[in-house]
Amino acid sequence: MKRDLLTPLDFSKEELDRLFLLADDIEAHPEKYAHACEGKKLATLFYEPSTRTRLSIETAMLNLGGRTMGFADANSSSAAKGETVADTIRVISNFADIAAIRHPKEGAATVAAQYATIPIINAGDGGHQHPTQTLTDLTTIRKLRGGLDNLTIGLCGDLKFGRTVHSLVSAMCRYENIRFVFISPPELRMPDYVTDVLRDRGIPYKEVTMLEDSIGELDILYMTRVQKERFFNEEDYIRLKDFYILDERKLAMAKSDCYILHPLPRITEIAPEVDNDPRAAYFLQVHYGVMIRMATILTLLDITVH
Ligand code: NCD
């Protein structure tokens, strides 16, 4: 049976623990893993813009001694001729051993996984999910805070269209004593399908509009960009795009161990002056992203390194 990574819940909590330990070992002994994927190929099928995710997954495969191929622009693939994802992935299954797909439509990776005979990694499907970003976020939080229990997590910005926040909330729900603070303009609130799960499971959360009002209670502040490409009209985007700007003044109200995460790309929502604060962890996330994606590729390909 092949395994896919379509949502963060595809790995059990115990499997995630093993994944974190593997990522730790990869970080400590990279040479041990340098040939683990020799002879294997990763295909990256990116129908939407990306810098980090695609290059991070490709770097992960290259670090494991494997090779990569793919496209970074749907216009240069047969999608431009009208080919379906189902057909494309059936073809790619003949070329590669594993594939990562990013697509503007929610559910595209799930369709790909149904037709593929190789493991599929969802590298972002529309405004829905982004599980490898979540693994990156969990790795970073675990490293900085020493664990994933007992945290008040603030998520700020575009909670409606931001797939990274949907995935992060669903993954964090499985840990003990977690509280969420959702900070967004009313138009960009967290979708009901996310808050319904929290309500059903009795996980505390609150929704606020002003960052200043709750920044002081947070252990993690996860900032996000307003997702321009998912807006229906330009006017709304322009009205909302600078709603939150985290600067030194606001950060001064945060706890001394409240770490700031962001999946990147950052536009205006974090002022560059914050980058030098020891709590700014968004470039560190990029580092851990490669380690955890290496661990993910090894796990999905069922490769064990001794
Ligand atoms: C995110 C994404 O693509 O959803 N970027 C990323 O993968 N690191 C966040 C974003 O684009 O805002």
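Atom set for the values below is all heavy atoms of this structure, side chains included, hydrogens, waters and symmetry mates excluded. One is the number of the first residue; the rest follow in order along the sequence. Every number for a ligand or one of its atoms is a count from 1 in the order of the listing.
- There is no side-chain donor-acceptor pair under 3.5 Å between Arg225 and His262.
- Aromatic ring orientation, His103 versus Tyr47: tilted (interplanar angle from 30° to 60°).
- Between Arg199 and Glu207 there is no salt bridge, since none of the side-chain N atoms of the basic residue sits less than 4.0 Å from a carboxylate O of the acidic one.
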Between Asp158 and Lys160, does the salt bridge (charged side-chain N to carboxylate O under 4.0 Å, His left out) criterion hold? Intermediate values first, please. CA-CA 5 Å; Asp158 186 347; Lys160 179 179 181 184; over 6 Å; no
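- Within 4.0 Å of ligand 1, contacts by protein heavy atoms are made from Arg52, Thr53, Arg102, His130, Gln133, Arg163, Thr164, Arg225, Gln227, Pro263, Leu264, Pro265.
- The closest side-chain donor-acceptor pair between Asn177 and Asp149, if any, does not fall under 3.5 angstrom.
- Using modelled atom types and a 3.5 Å distance limit, the side chains of Tyr115 and Asp87 yield no donor-acceptor pair.
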